[in-house]
2 protein chains.
Amino acid sequence: MAEKAAHASADLCQRLRAAALRPTRQRLVLAELLFARGHRHVTAEALHAEATRAGIGVSLATVYNTLHQFTAAGILRQVAVDATRTYFDTNVDAHQHFYVEDSSMLIDIPGDSIAVSGLPQPPKGTRIDRVDVVVRISKA
Amino acid sequence: MAEKAAHASADLCQRLRAAALRPTRQRLVLAELLFARGHRHVTAEALHAEATRAGIGVSLATVYNTLHQFTAAGILRQVAVDATRTYFDTNVDAHQHFYVEDSSMLIDIPGDSIAVSGLPQPPKGTRIDRVDVVVRISKA
DNA sequence: AATCTTCTTTAGAATTATTCTAAACTGTTG
DNA sequence: CAACAGTTTAGAATAATTCTAAAGAAGATT
Ligand SMILES: [Mn+2]
Ligand SMILES: [Mn+2]
Ligand SMILES: [Zn+2]
Ligand SMILES: [Zn+2]
């Protein structure tokens, strides 16, 4: 298990270097929190609270910087569901979301389950970057 | 055309009364700007600027209040595409959007052109409120 | 290892979008 | 025309995010 952690860390170093980002203590810690197990959806504030709780000193500005750098590097993506917060998603593969309005939680919908058909031609001179589907749900 | 305007105004009064909203000068002016011709996508700031430009005195707080009241009344809806602004849509029928990332513009996609299939069952105890599709496009 | 260079972190100020407060004002009803 | 309830608004307050500039850490160079 020490091996596994070491391996994961080494792996993260690679990913950062590949993105031309120096593997600093802060970035490694945040990357660990983000990618250590399974996919996650987080806000900057939530991740900052988590890091702080874990005893790691990292400023909120750095959390924001890091989230944006990771997004630019393609290892995170932003999800727009609620105008008041920005969510970051560690799953960058094509997939969609349930958004639970009561609790402001995101739930993944695997990329191969939903199919969107009948898309009209995008306006002349533009290309489609991504098709986002948000299924808004609330307590029945 | 004086008739048409009068008719439209009378119509707006009805809609407001139906929503238990007093037809005040401010609300009528904003409703006019919003619903007078065709469907629109606006932000609070943009609508406020428009009202001000048209020589109508209406505070930004009132614009926000009104947009939210109209949304609660079901004659407007919010569209979440960009975490930095909230867009309000005068088209409340089921339909979808292109979002032009370069210019932050929304373009309607008629409700009957796109079909979403393969939606998984929503989590136990929840029901689907709406399925939003945003097709993000940018300069080719 | 010491040095140099460049990138990174950060505290705190600043910005932006939005909401709140409380007092003045207006539409409605009897 | 009261009288009441609903509405508007200036300005303060909040919340999320970004900016600034100075101090700190990484990587390259000697
Ligand atoms: Mn906000
Ligand atoms: Mn914001
Ligand atoms: Zn996801
Ligand atoms: Zn629309």
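Each chain gets a letter, A, B and so on, in the order its sequence line appears, and its residues count up from 1.
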Inset, instruction - Output every pair passing ring pair (Phe, Tyr, Trp, His ring centres under 6.0 Å) with a member in residues 89-131 of chain A, not counting sequence neighbours, ordered by first then second residue. - result: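 Sorted result for residues 89-131 of chain A: A:H41-A:H97, A:H95-A:H97.
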Inset, instruction - Can you run down the ring pair (Phe, Tyr, Trp, His ring centres under 6.0 Å) pairs that involve residues 61-90 of chain B, sequence neighbours left out, and say none if there aren't any? - result: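 Listed once each, the pairs are B:H68-B:F88.
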Strictly below 4.0 Å: does [X] bring a side-chain N or O up to OP1 or OP2 of [N]?
{"X": "A:Y64", "N": "D:dT18", "answer": "no"}
{"X": "A:T86", "N": "D:dT17", "answer": "yes"}
{"X": "A:H68", "N": "D:dT17", "answer": "no"}
{"X": "B:T84", "N": "D:dT17", "answer": "no"}

Inset, instruction - For A:L76 and A:T90, run side chain to side chain contact (heavy atoms under 4.5 Å, CB included): C-alpha distance rounded to whole Å, both residues' side-chain angles, the deciding distance at 0.1 Å, then the answer. - result: CA-CA 5 Å; A:L76 277 186; A:T90 60; 3.7 Å; yes
Legend entry - Verdict with supporting geometry, B:L30 and B:L67, side chain to side chain contact (heavy atoms under 4.5 Å, CB included): CA-CA 9 Å; B:L30 293 175; B:L67 288 172; over 6 Å; no
Atom [atom1] of [X] to atom [atom2] of [N]: distance rounded to whole Å?
{"X": "A:Q78", "N": "D:dT17", "atom1": "CD", "atom2": "P", "answer": "9 Å"}
{"X": "B:H48", "N": "D:dG11", "atom1": "NE2", "atom2": "C1'", "answer": "13 Å"}
{"X": "A:N65", "N": "D:dT17", "atom1": "CG", "atom2": "P", "answer": "13 Å"}
{"X": "A:R85", "N": "D:dT14", "atom1": "CZ", "atom2": "P", "answer": "17 Å"}
{"X": "B:L67", "N": "C:dA17", "atom1": "CG", "atom2": "P", "answer": "15 Å"}

Legend entry - Those residues of residues 52-60 of chain B lying under 4.0 Å from DNA chain C by at least one heavy atom: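 Close to the strand are B:L60.
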Legend entry - Residues in contact with DNA chain C, drawn from residues 16-28 of chain B - heavy-atom cutoff 4.0 Å: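 Listed by number, they are B:R17, B:R22, B:P23.
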Legend entry - Donor-acceptor contact below 3.5 Å, side chain B:D89 vs main chain B:N91: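 It does hold such a pair.
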Inset, instruction - Could you tell me whether a side-chain N or O of B:R27 sits under 3.5 Å from a main-chain N or O of B:T66, the two making a donor and an acceptor? - result: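 No, because the side chain of B:R27 does not come within donor-acceptor range (under 3.5 Å) of the backbone of B:T66.
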Legend entry - Given B:D132, B:T126, B:D129, the one that forms side chain to side chain donor-acceptor pair (under 3.5 Å) with A:R136: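 Answer after filtering B:D132, B:T126, B:D129: B:D132.
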Inset, instruction - Evaluate side chain to side chain contact (heavy atoms under 4.5 Å, CB included) for B:V92 paired with B:I75, printing each intermediate quantity in order. - result: CA-CA 7 Å; B:V92 293; B:I75 62 179; 5.6 Å; no
Legend entry - Given C:dT9, D:dT8, C:dT18, the nucleotide with the shortest approach to the side chain of B:E45: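 From the listed options, C:dT18 comes nearest.
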Inset, instruction - Evaluate the side-chain proximity of A:V135 to A:Q96: yes if any heavy-atom separation is below 4.5 Å, no if none is. - result: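 The answer is no; the side chains never approach within 4.5 Å.
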Legend entry - 4.5 Å side-chain heavy-atom contact, B:V81 and B:L106: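 Yes, at least one pair of side-chain atoms sits under 4.5 Å.
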Inset, instruction - Specify the angle, to 10°, made by the local axes at the two ends of the helix from C:dA1-D:dT30 to C:dG30-D:dC1 when five pairs are taken at each end. - result: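 Rounded value for the end-axis angle: 20°.
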Inset, instruction - Please collect all salt bridge (charged side-chain N to carboxylate O under 4.0 Å, His left out) contacts where either partner lies in residues 42-56 of chain A, sequence neighbours excluded, each pair once. - result: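 Sorted result for residues 42-56 of chain A: A:R40-A:E50.
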